[in-house]
Amino acid sequence: MDNHYNPKDVESKWQNIWQENKPFCAPLDSEKEKYYLLEMFPYPSGRIHMGHVRNYAIGDVVARFKRMQGFNVLHPMGWDAFGMPAENAAIEHGIHPAKWTYENIDSMRQQLKRIGLSYDWEREFATCDADYYRWEQLVFLKMFEKGLAYKKGSSVNWCEDCQTVLANEQVEDGCCWRCHNQVQPKELEQWFFKITNYADELLEWTNKLPGWPERVLSMQRNWIGKSYGCEIDFEVADSSEKIKVFTTRPDTLAGATFMSLAPEHPLVKSLVTSDQQQAVNDFIAAVERQDKADRTSGDLEKIGIFTGSYCLNPLNGEKIPVFLANFVLMGYGTGAVMAVPAHDQRDFEFAKKYQLPIRTVIQPQGVELVADQLTEAFSDPGVLINSGQFDGVDNESAKEQIAAFLDARGVGRKTVNYRLRDWGVSRQRYWGTPIPIIYCDSCGAVPVPEEDLPVILPTDVELTGEGGSPLARHEAFLQVTCPKCGKQAKRESDTFDTFVESSWYFARYTCPHYTDGPLDKKAANYWLPVDQYIGGIEHAVMHLLYARFYTKILRDLGLLDVDEPFTNLLTQGMVCKETQRCPEHGWLYPEQVEDGKCTLCQQLVELGRTEKMSKSKKNVIDPNQLIDQYGADTARLFSLFAAPPEKDLEWNEQGVEGCYRFLNRVWRAVDENSELIAAAQVPATVSGEASDLHRKTHQTIKKVSDDVDGSFHFNTAIAAVMELVNAIYAFKSAKENPGVLREALEAVVCLLNPFVPHICEELWQQLGHQQSVEASGWPTWDESALVTDEITLVVQVNGKVRGKIDVAATAEKQSIEAEALAESNVQRFIAGKEVRKIIVVPGRLINIVVG
RNA sequence: GCGAGAGUGGCGGAAUUGGUAGACGCGCUGGUCUUAGGAACCAGUAUCCUAUGAUGUGGGGGUUCGAGUCCCCCCUCUCGCACCA
């Protein structure tokens, strides 16, 4: 046996062939049915990690499987190339973000090619290419024209020391990650996309995407958060001002004993009385220091301050105090909450703390609810009390009746509220798509004329991490003349959120070289929607919702004709690994830790949690070593065999060896038998051991087909092929039945091809085929080969297994029962007892119930 | 906190969706062959045990002839929370 399996040779041979012959390029004009398969494109961090390998291996199985099934498959790859890490690299190492990014892309492309992924590389692009982002700028101008992009004030994290805006990720415990100075909120005018205009359509379509996991749809529905309720006006006492609140519980209105406003509420200034001014200022400053995400947390201590003003309850005219409260956010509803402590837990805790009155207005039918005795808010349904004319009404009807009462008096109205907020797309950063707007003192915000696009991101910038965005200091970029009036004007210096680029790249893949607009409508409409999208569960809401929204924008701008971008979605579980952190040096790579101590300072390392692999947490596993040692096929097979795709995977290399061993077994099985089976064919009739292998072959074809097609049970598909290979090794009468053996070996090679394509192409050639295995088609199974004459049934007594019987597959219920009762071990358990019932589950088991 | 998921041998996982719990693989134990074995092959491997027995799918209850699977309560872990991508 001198023809050993040598993955290095085999893999470079086939990768060269694929590079030369381009078998994965997808033509627009094809007789075949189209299939668009897409994995979420990577950020070019420089190195691929096991999460990438897993994601792209999953996608490649589907791409190759669909190609074998005869589809015209589009399977593209590109780069989500704008973003903060490139700027950080520039700040830390003085490399220009463009150079850093394009070098990373080159290195990652090489790494991806080593895995043997079947991409149409002709369609590759990076989102930082001006040929890409220029069309994003054009779409922005169209959105601006239609009022779908607008400007409004919004708060950012500001570091006074660095004079710069910080991303949430750059804020640690309320402090700047670089200088550890306290971060403050700062109000800036920023661009927003009106995603709220599409809230209802985005919500409705969550019921029309059967190919999406229910949990993702559920998260998106909750994110949109449509709720029906009532907007109510509370007049401010001794003033003409009104405080608007949104509530889903107008039925509790009579129980509103105070009002809570967000500290950011615009009315705060006019409401605060002079004697409360100082206390309120201190309070607002304290709340500003609190993390936004924690503000609504139930754990957070509820704090508040009296403004000195009162407002009037529109139901009963009662005068109630107006407070500011840390748990009320300006971003949701109206930024004001009518506080009903008896029936809302947060209000209850707040009222207890500040000794505010608690009044029950709903109680369960027939039970008296005494406010003084409440230990928590009562939020169940019930009947109204203390509510004047509405007493005795059940609370569901009271919602309607009170809304109508308020409406009739012009002080309230039924409304729909969404949790979803408009999408803020302005970033005060350099490495992103320039927003194509010019500010003129006379004309205001003027769009850059279409013929002047693209607004090219200048390359001659200095990045320091201080003093705000470099574009804001780049005079040659900033200074322009107003396209409308010709006077001196200034460019917008903010760039887009990188989520904008990732919201339409899948559409651009259909026509990446098109020069007359963002999309070639013919290509877009042929390929879209994406038939199968694959990516991490961490994108369940934001990216996937933005992409859905942007698709509807493109549709409404007449650029394509689909309503939704992704017909089927597979959310891959994360590849996780334990993190390690030094109190002084932050996250550490595994090689920086020795005996639980940081090698830089010898301090004890905090053992972190198991988290998703990310460069910033330094818990990334680099697959290159694995590929060097075992080859790409083994790395692919292992990442697919280790767990089902949806499941999170805690990284552990145990088992790689087994996958390599298996590929060696496959190799030898073909190699050792290739002469014997050279021209063999399956005979018309097979019997005995040969018939068992013949059946096993067809069972495996069926099992793998079912597991791969639509259900992604790759781990069990691979297990099934392993069983078939075990059966091939156990097959003793190969010499007498070379045809049956050939059939089994060819099935193994075909079925494995989507998983481990290099070795399969090589073995397919060795089996004497001229055509590639991928072009040879997916094997089909013969139903008649699956049939067995005899089946084994389990016999239970009172639900416990007591024996097994072999019966003819065609046996009648009566004879099965008789045989089960006669089984010797079963006899022991039913002797002397009354048989009450016999349950026969066809093809499975018999349960004898005795008493 | 809110929203969404997950929990099965020493380990990764399987279970036809209410019907034999532990497929397949790793690891481990013993053996064959070999100058050698970190190669290959064969046998064994949930736990307790004298077992044709009992127990067993994060914990506790329930429904059922039968529950890993369905229902209720609890625990632990993971993801997202709007400027990481």
Side-chain angles (χ1 to χ4, degrees), chain A residues 1 40 42-43 45 80 82-85 156-157 165-171 213-216 218-219 221-223 225 292-300 327 331 346 419-429 497-499 502 536-543 545-546 571 573-574 576 609-612 614-616 638 641-644 646-650 652-659 661-662 664-665 668 706 713 715-716 718-723 726 729 792-796 798-804 824-825 828-829 836-839 841 843-849:
Chain A
M1 199 182 67
M40 291 179 186
Y43 178 80
S45 60
D80 188 13
F82 276 137
M84 289 205 308
V156 294
N157 304 311
V165 176
L166 300 175
N168 287 343
E169 198 193 43
Q170 298 170 313
V171 180
E214 192 49 47
R215 67 161 155 161
V216 173
S218 167
M219 280 190 260
R221 284 182 201 117
N222 291 330
W223 185 267
K292 241 191 259 172
D294 291 345
R295 286 262 301 273
T296 50
S297 157
D299 292 346
L300 184 86
F327 61 86
R346 284 190 307 194
R419 209 186 72 96
L420 182 69
R421 306 200 299 265
D422 277 339
W423 175 13
V425 294
S426 294
R427 297 291 180 272
Q428 295 69 41
R429 293 182 210 294
D497 178 3
T498 58
F499 271 125
S502 57
I537 183 68
E538 68 270 27
H539 297 291
V541 176
M542 301 192 64
H543 161 61
L545 192 65
Y546 291 148
T571 46
M574 271 149 314
C576 298
R609 297 178 308 161
T610 299
E611 291 176 89
K612 81 170 173 184
S614 82
K615 215 182 170 187
S616 58
F638 176 60
F641 184 57
E646 301 87 349
K647 232 195 121 155
D648 286 348
L649 181 60
E650 196 177 331
N652 179 347
E653 273 188 36
Q654 278 187 13
V656 177
E657 199 77 42
C659 288
R661 209 173 293 165
F662 169 67
N664 269 290
R665 272 166 74 77
R668 287 200 316 272
D706 290 348
H713 295 163
N715 53 336
T716 52
I718 294 164
V721 182
M722 285 174 170
E723 284 189 55
N726 289 344
Y729 271 85
T792 303
L793 296 178
V794 162
V795 186
Q796 298 181 332
N798 286 348
K800 293 190 190 256
V801 179
R802 299 301 181 189
K804 287 175 190 178
S824 62
N825 196 45
R828 289 184 20 186
F829 285 88
R836 291 198 178 146
K837 202 164 155 191
I838 300 179
I839 292 144
V841 183
R844 302 234 164 273
L845 57 68
I846 302 104
N847 190 12
I848 301 165
V849 185

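Predicted model only: the values in this text are computed from it and were never measured. Naming convention: chains lettered A, B, ... in sequence-line order (proteins, then strands); numbering from 1 in each chain.
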ask   = Is there side-chain contact between A/R668 and A/Y729, with at least one heavy-atom pair below 4.5 Å?
value = yes

task = Assign A/Q796 to base, sugar-phosphate, or nothing according to its heavy-atom contacts below 4.0 angstrom with the strands shown.
result = base

message = Below the 4.0 Å mark, does B/U20 have OP1 or OP2 next to a side-chain nitrogen or oxygen of A/K804?
response = no

task = Between B/A15 and B/G27, how far apart are the P atoms? Round to whole Å, please.
result = 23 Å

inquiry  = Could you tell me how far B/G19 sits from B/C84 if I compare only their C1' atoms? Round to whole Å.
reply    = 48 Å

request  = Describe the nucleic acid contact of A/Q170 in one word from base, sugar-phosphate, nothing, applying a heavy-atom distance below 4.0 Å.
outcome  = nothing

inquiry  = Mind checking if A/V794 touches a base, just sugar-phosphate, or nothing, with heavy atoms under 4.0 Å?
reply    = base

query = OP1 or OP2 of B/C83 sitting under 4.0 Å from any side-chain N/O of A/R427?
reply = yes

request  = Would you mind telling me which residue lines up with the more 5' stretch of RNA chain B, A/N715 or A/M219, judged by nearest nucleotide?
outcome  = A/M219

remark   = Winner on side-chain proximity to A/R668, out of B/A54, B/G13, B/A40, is B/A40

message = Taking pairing as Watson-Crick or G-U wobble with both contacts under 3.5 Å, can you name the mate of B/G5, or confirm there isn't one?
response = B/C77

message = Applying ring-ring contact (aromatic ring centres under 6.0 Å, His included), can you list everything that pairs with A/W223, at least two apart in sequence or on another chain?
response = none

inquiry  = So, OP1 or OP2 of B/C2: does either fall under 4.0 Å of a side-chain N or O from A/R419?
reply    = no

query = Expressed in angstrom and rounded to an integer, what is the separation of A/R661 atom CZ from B/C26 atom P?
reply = 5 Å

message = Can you tell me if A/N222 touches the phosphate of B/A4, counting only side-chain N or O atoms and a distance under 4.0 Å to OP1 or OP2?
response = yes

task = Considering only atom C1', compute the distance from B/G9 to B/G25 and round it to an integer number of Å.
result = 14 Å

query = Can you tell me how far P of B/G80 sits from CG of A/N168, to the nearest Å?
reply = 13 Å

request  = State whether A/T716 places a side-chain N or O below 4.0 Å from either non-bridging phosphate oxygen (OP1 or OP2) of B/A14.
outcome  = no

inquiry  = Strictly by Watson-Crick or wobble contacts shorter than 3.5 Å, is anything paired with B/C84, and which nucleotide is it?
reply    = none

query = Hey, is the side chain of A/K800 poking within less than 4.0 Å of OP1 or OP2 on B/A21, counting only N and O atoms?
reply = no

remark   = Taking for A/V165 and for A/N847 the nucleotide of RNA chain B with the nearest heavy atom, the one nearer the 5' end belongs to A/N847

ask   = If anything within 90° of 0 is syn and all else is anti, what is B/U76?
value = anti

message = Counting C-beta onward and ignoring hydrogens, is there a side-chain heavy-atom pair between A/F829 and A/K800 closer than 4.5 Å?
response = no

message = What I'd like to find out is whether the side chain of A/F499 reaches to under 4.5 Å of the side chain of A/W423, using heavy atoms alone.
response = yes

key: Base orientation of B/G9, syn vs anti, 90° cut from 0   = syn

task = Report yes if at least one side-chain N or O of A/R665 is closer than 4.0 Å to OP1 or OP2 of B/A39; otherwise report no.
result = no

